[in-house]
Amino acid sequence: MAADGGSGRGAGGITIHDTLSGKRSSLSGQGTNAVSIYLCGVTVYDDAHIGHARTIITFDVLRRHLEGRGIRATMVQNFTDVDDKIIARARDEGIQASELGERYIRRYHEEFERLNVLKADSYPRATEHIPDIIGFIGDLIGGGAAYVAKNGVYFAVSEFAQYGKLSGKKTDQLRSGARIEVDEAKRDPLDFALWKFDSGHPSWDSPWGAGRPGWHIECSAMSTKYLGDCIDIHGGGRDLIFPHHENEIAQSETRTGSMFARIWMHVGMVTIGGEKMSKSLGNIRSVRRALEDWGPNVIRLFCLSGHYSKPVDYSDENLRESLARWRQIEACHYELMHAARNTDGKNGGGPACGANIPGLVDAGDRFDAALDDDLNTHLAVSAVMDVVSDTNALAADCALGPGRAAGAGAELSRMSRILGLRVPNVDPAEAAAIDSEVEARNGLRRQGRYEEADAARDRLRARHVELFDRGDKTVWVKREKIGADARS
RNA sequence: GGUAAGGUGGCAGAACGGUUAUGCGUGGGCCUGCAAAGCCUAUACAAGGGGGUUCGACUCCCUCUCUUACCUCCA
């Protein structure tokens, strides 16, 4: 069946770049209102870093946008909890591999909840799907595409004629490269392990001998179990294209004889000074640390600042730009809040109609269109900033009344929800306390007691409350605490 | 060496065969009791080099060059 006739961009059509075909592929062109997504998650032997966060936040926004368009997205994200590095690290710490995995899974959930990432529908773990994995391997052996050797069960790459189609590599080129460690028992240096024989811990019985699964097989087995033989979108970082995703295709398509994923979506690397963040370079920035330094909203804006497929540099300058944006969005949120309760109608009231903010409807449309167009988050953020700066400008002119505020507020919160941005709540008691201090200060100002009024302003500022004086009225903003702000 | 993705103003970054976003930074001005926020304005008509197609290219084609990633575990 031909994917599309080339139009592919009708009203409401969402397109995503597919690594395999090298082209945009239409999602809603398939006439579907439900989409399945499988995202390769993390190996749980250490804390998650910003690179993981970028991939996961990208898919989080994709999912929120699909749902905003009325498309139900089912998302499955795995945890790789059996692996050589996990075993080595657990041995170093003198604990069980399962205990180590448990710890980092718990920490993962804490951190990504703070990043306001929606929960996946399920988080399958390799160790909880050993029977599925064994069944999958059994099918491959039965079909003649896998064989038992001295050290394990291997997939025979020669049995899958299309091997290399995702990464654009040719098998003979890969063989001539021959950097792969030579296992004499393998028929072909390209063959990869489905099952590794090992009687140590952890290990499971299998028809071929005790051991543990190889890395690639878990994703094939688990995605098939939860999402079926063919998933709509399979994603991960660009560094997974080869060999991980290439091998998944080989396993899955050999088993079923049909297409494994309609769209392969890959997220670019996060770099430090232009180099990939990686263990070996020792330039890892953990999510935990980034949350302390910048908080969830700035991290999200940073991760969404460029196109997802391109690299993005984790530099102070880039983070500061995201921070500046966040401060404007935050201020806008409070302007709208104050305007909404300002019911005397003096400040430019009017009906609750979005058109009252110049360009508001247009900005909403541009926001949606940008995300439809291969998830162009940069342009989507620009549309948000247009609404924010228009709103803030009207507020500064005392022209933002309750009607306009309601229109802009609804649109801004819709867009914020899709991007996963969230102004921290201020509890009503604190808000009331701030109101009365602000009122007291304005009393002092009216009497010309400016030194006392400035002292009151300083006291509020120490609690991260900033004031904007508008004639006889004052708007206050409770600033999110950003660690990096403290160190100039 | 092979494969892939890229080279746009001080920085970040889009779109588009003709009209060059937007944000940040920086300078100047306005507003303010002073600030903050906001506004105006300047920096800015920028596209790695060279060919080609075209009436016209940042945008399409070729070539060279440079960068990054992958080819071993990696989001």
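Labels below follow one simple rule: chain letters A, B, ... track the order of the sequence lines, proteins then strands, and each chain is numbered from 1.
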How far does the [atom1] atom of [N] sit from the matching atom of [M], given to the nearest Å?
N: B/A12; M: B/U68; atom1: P; result: 15 Å
N: B/A46; M: B/C40; atom1: P; result: 24 Å
N: B/G9; M: B/C58; atom1: P; result: 14 Å
N: B/U54; M: B/C70; atom1: P; result: 42 Å
N: B/U26; M: B/A44; atom1: C1'; result: 13 Å
N: B/U8; M: B/G2; atom1: C1'; result: 29 Å
N: B/A47; M: B/A57; atom1: P; result: 14 Å
N: B/A14; M: B/G23; atom1: P; result: 16 Å

Dot-bracket encoding per residue of RNA chain B, Watson-Crick/G-U cut-off under 3.5 Å, | denoting interstrand: (((((((..(((.....[...)))((((((.......))))))....(((((..]....))))))))))))....
Test: A/Lys478 cationic atom under 6.0 Å from A/Tyr334 six-membered ring centre, within 45° of axis: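 A/Lys478 over A/Tyr334 ring: no.
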Show me the protein contacts with nucleotides 37-40 of chain B, counting only N or O atoms at under 3.5 Å.
none

Side chain proximity check, A/Glu480 to A/Val423, heavy atoms < 4.5 angstrom: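 Heavy-atom side-chain distance check fails, nothing below 4.5 Å.
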Side chains of A/Gln251 and A/Ile217 in contact at under 4.5 Å (non-hydrogen atoms):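 Contact flag for A/Gln251/A/Ile217 side chains = yes.
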Within this structure, what is the [atom1]-[atom2] distance for the pair [X] and [Y], rounded to the nearest 0.5 Å?
X: A/Asn318; Y: A/Leu301; atom1: CG; atom2: CG; value: 12.5 Å
X: A/Asp60; Y: A/Leu115; atom1: CG; atom2: CG; value: 9.5 Å
X: A/Lys23; Y: A/Ile263; atom1: NZ; atom2: CD1; value: 13.5 Å
X: A/Ile299; Y: A/Arg285; atom1: CD1; atom2: CZ; value: 13.0 Å

Tabulate atom names and distances for all N/O pairs under 3.5 angstrom spanning the protein and nucleotides 25-27 of chain B.
none

Step through it carefully: locate the ring centre of [X], locate the ring centre of [Y], and say whether they are under 6.0 Å apart.
X: A/Phe155; Y: A/His216; answer: no
X: A/Tyr104; Y: A/Phe79; answer: no
X: A/Phe468; Y: A/His338; answer: no

Proximity to the side chain of A/Asn376 - top-ranked nucleotide from B/A21, B/U3, B/A15: B/A15
Minimum-distance nucleotide (side-chain atoms of A/Thr55 versus B/A14, B/A75, B/C11): B/A75
Residues that A/Cys219 engages under side chain to side chain contact (heavy atoms under 4.5 Å, CB included), provided they are two or more places apart: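 Side chain to side chain contact (heavy atoms under 4.5 Å, CB included) list for A/Cys219, sorted by chain: A/Tyr38, A/Cys40, A/Asn78, A/His244, A/Glu248.
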By ring-ring contact (aromatic ring centres under 6.0 Å, His included) - contacts of A/His266 (at least two apart): A/His245
Touch class at under 4.0 angstrom, heavy-atom based, for A/Arg54 against every strand present: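 Touches nothing.
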Residue mapping more 5' on RNA chain B - nearest nucleotide basis, A/Gly268 or A/Lys170: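 Nearer the 5' end of the strand: A/Lys170.
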Residue met sooner reading RNA chain B from 5', once A/Tyr450 and A/Leu240 are mapped to nucleotides: A/Tyr450
Identify all pairs in which a protein N or O lies below 3.5 Å from an N or O of nucleotides 58-61 of chain B, and state each distance.
none

Quiz question: going by heavy-atom distance under 3.5 Å, is there a donor-acceptor pair between the base of [N] and the side chain of [X]?
X: A/His49; N: B/A75; result: yes
X: A/Arg457; N: B/A35; result: yes
X: A/Lys279; N: B/C73; result: no

Whole angstrom value for the distance that separates P of B/A75 from OH of A/Tyr104: 14 Å
Worked verdict on A/Tyr314 versus A/His49 for ring pair (Phe, Tyr, Trp, His ring centres under 6.0 Å): CA-CA 11 Å; A/Tyr314 191 75; A/His49 61 242; over 10 Å; no
Sidechain N-carboxylate O distance under 4.0 Å for A/Arg470, A/Glu335: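 Yes, this pair counts.
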